[in-house]
Number of protein chains: 2
Amino acid sequence: MTDRIYTAGLVVIGDEILSGRTHDKNIAQVASWLQVQGIRLSEVRVVPDVIERIVEAVNALREANDYLFTTGGIGPTHDDITVDAVSQALGVPVIIHPEARAILEKYYTDKGGLNEGRLRMARTPEGAELIPNRMSGAPGIRIGSIHLMAGVPHITAGMLDALTGTLKGGAPLIAETVGGFIPESEVSGLLREVEKAHENCQIGSYPFFREGRVGSNFVIRSTDPAELDACMAELCKGLEEAGFAFTPGGI
Amino acid sequence: MTDRIYTAGLVVIGDEILSGRTHDKNIAQVASWLQVQGIRLSEVRVVPDVIERIVEAVNALREANDYLFTTGGIGPTHDDITVDAVSQALGVPVIIHPEARAILEKYYTDKGGLNEGRLRMARTPEGAELIPNRMSGAPGIRIGSIHLMAGVPHITAGMLDALTGTLKGGAPLIAETVGGFIPESEVSGLLREVEKAHENCQIGSYPFFREGRVGSNFVIRSTDPAELDACMAELCKGLEEAGFAFTPGGI
């Protein structure tokens with residue numbers, strides 16, 4: 001029996017990533033979080049702060065996946081246009097969400113009160129729910145399968161935490177690693193054969209250079225723990241027969 | 001007179017990025033390098049080690065941009081399928097590139113010689129040139145506007161270095177930053193007005209939390225140095241009038 005596989009797309013929104021000014025940290029944290037939920041990150045697109053480009057990416061990835069996540073562009077300034085883009089993609093109007101407005105009014109009570117910019121953060125596509133933000137006032141937004149999150153990584157981390165366990169996923173993809181000072185180019189045939197013999201496993205090979213020496217970590221991924229163990233045993237046997245020292249867990 | 005704008009797309013290939021195992025470092029380094037060449041990174045797609053998905057992303061981004069870069073999937077193992085995917089996208093056969101073969105033969109002379117896996121790294125789409133790799137044996141590959149680079153960031157860095165100055169670009173996008181312990185939500189109106197008054201400038205607002213305080217850096221980008229200076233002067237005047245302390249260069 002093969003479990004249904006659940007997938008997600010991620011749209012990272014922001015000129016600052018495409019200019020190289022900011023090093024993205026959201027791809028890795030969303031990817032790791034999704035793994036634990038039993039959902040596979042299927043594709044990421046990084047697009048600029050241009051409404052048509054966001055709409056295009058949102059529509060492509062929401063249609064191809066069970067879930068869509070976005071990061072960035074939900075703050076108070078003129079370059080924060082994710083809510084407008086997602087509303088346009090869905091064909092629904094932008095509204096001021098009463099609950100979001102109440103949260104922001106409370107948050108800014110002792111910080112000068114609501115103003116035009118701050119009120120922008122209460123805007124949502126019509127029909128949306130809020131994702132709690134424990135770090136700062138402005139909430140994330142959920143509408144259907146789409147989740148709009150902050151660009152600042154630690155705020156996004158809090159929003160992911162709030163979403164933990166709320167999304168339906170499949171069997172989580174588990175992974176085991178083995179590594180050593182083994183040039184991947186000397187074991188490429190072995191890797192291919194072992195992967196072919198275990199249909200439900202994928203083997204990834206990740207070379208590195210360390211202490212002036214060449215090595216690799218080999219990662220086996222599967223949703224089936226027994227198959228994963230059998231695949232790992234066969235790979236280790238092959239490495240041993242080829243005369244290589246290796247370390248379970250990787251190096 | 002408006003200069004022609006040159007754009008590039010980037011396809012990051014690899015299950016290890018989508019699983020969260022590896023934190024991508026290539027997006028930021030390719031983005032920064034392109035800025036210096038006068039080329040704008042227009043979109044990034046991260047896709048898995050699945051040939052159809054790579055073909056789709058390569059075709060979409062090469063058609064929409066002047067240049068296309070890929071990172072990952074050009075090593076010796078079974079999951080390295082970027083050459084196959086790009087050849088398929090272009091409708092050309094995969095060949096063993098004689099010059100690449102010679103490079104690899106020389107590189108592996110004292111490392112056990114060429115084998116089936118290592119010879120995979122001499123495969124290119126027909127009609128390709130090589131991009132020198134000063135770090136390890138296997139070269140990058142250039143075919144038309146497409147540049148296939150390594151997944152390991154320091155090898156990609158060397159390949160980018162080898163390509164410096166070889167691509168036609170436009171006027172580089174320059175940026176100036178000003179920052180302070182200024183909540184962006186208190187100056188969103190100012191930012192919008194200043195940007196509107198300077199057609200060739202974009203203003204980005206990047207909030208942070210530091211030392212228990214809220215602040216922002218404001219980045220103005222333009223290809224026109226004079227317009228950029230004028231825009232920055234007006235923004236600083238506005239911040240001063242609103243009573244905020246700020247630091248040129250950002251904080």
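Labels below follow one simple rule: chain letters A, B, ... track the order of the sequence lines, proteins then strands, and each chain is numbered from 1.
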Novice: At a 4.5 Å cut-off on heavy atoms, which part of B:Leu119 comes close to chain A: side chain, backbone, both, or neither?
Specialist: neither
Novice: Please state whether the side chain, the backbone, both or neither of A:Pro183 comes within less than 4.5 Å of a heavy atom of chain B.
Specialist: side chain
Novice: Note each donor-acceptor pair with a separation under 3.5 Å, taking one atom from chain A and one from chain B.
Specialist:
unit_1	atom_1	unit_2	atom_2	d
A:Ser42	O	B:Arg53	NH2	2.8
A:Ser42	OG	B:Arg53	NH1	3.3
A:Ser42	OG	B:Arg53	NH2	3.3
A:Glu43	OE1	B:Arg53	NH2	3.1
A:Val44	N	B:Val46	O	3.1
A:Val44	O	B:Val46	N	2.8
A:Val46	N	B:Val44	O	2.8
A:Val46	O	B:Val44	N	3.1
A:Arg53	NH1	B:Ser42	OG	3.3
A:Arg53	NH2	B:Ser42	O	2.9
A:Arg53	NH2	B:Ser42	OG	3.3
A:Arg53	NH2	B:Glu43	OE1	3.1
A:His78	NE2	B:Glu195	OE2	3.3
A:His78	NE2	B:Ile203	O	3.0
A:Asp79	OD2	B:Ser205	N	3.3
A:Asn115	ND2	B:Ser185	O	2.9
A:Arg118	NE	B:Ser185	OG	2.7
A:Arg118	NH2	B:Ser185	OG	3.4
A:Arg118	NH2	B:Glu186	OE2	2.9
A:Ser185	O	B:Asn115	ND2	2.9
A:Ser185	OG	B:Arg118	NE	2.7
A:Ser185	OG	B:Arg118	NH2	3.3
A:Glu186	OE2	B:Arg118	NH2	2.9
A:Glu195	OE2	B:His78	NE2	3.3
A:Ile203	O	B:His78	NE2	3.0
A:Ser205	N	B:Asp79	OD2	3.3

Novice: Below 4.5 Å from any heavy atom of chain B, which atoms of A:Ile27 appear? Answer side chain, backbone, both or neither.
Specialist: side chain
Novice: Among the options B:Leu41, B:Val44, B:Leu34, pick out the one with the most heavy-atom pairs lying under 4.5 Å from chain A.
Specialist: B:Val44
Novice: Shorter than 4.5 Å, heavy atoms on both sides: which option in B:Gly151, B:Ala28, B:Ala175 has the most such pairs with chain A?
Specialist: B:Ala28
Novice: Using heavy-atom distances under 4.5 Å, tell me whether A:Val219 contacts chain B through its side chain, its backbone, both, or neither.
Specialist: side chain
Novice: Is A:Ile203 in contact with chain B via its backbone, its side chain, both, or neither, using a 4.5 Å heavy-atom distance?
Specialist: both
Novice: With respect to chain B, which residue among A:Leu10, A:Val214, A:Leu191 yields the maximal number of heavy-atom pairs within a distance under 4.5 Å?
Specialist: A:Leu191
Novice: Let me know if A:Ile155 has heavy atoms under 4.5 Å from chain B in its side chain, its backbone, both or neither.
Specialist: side chain
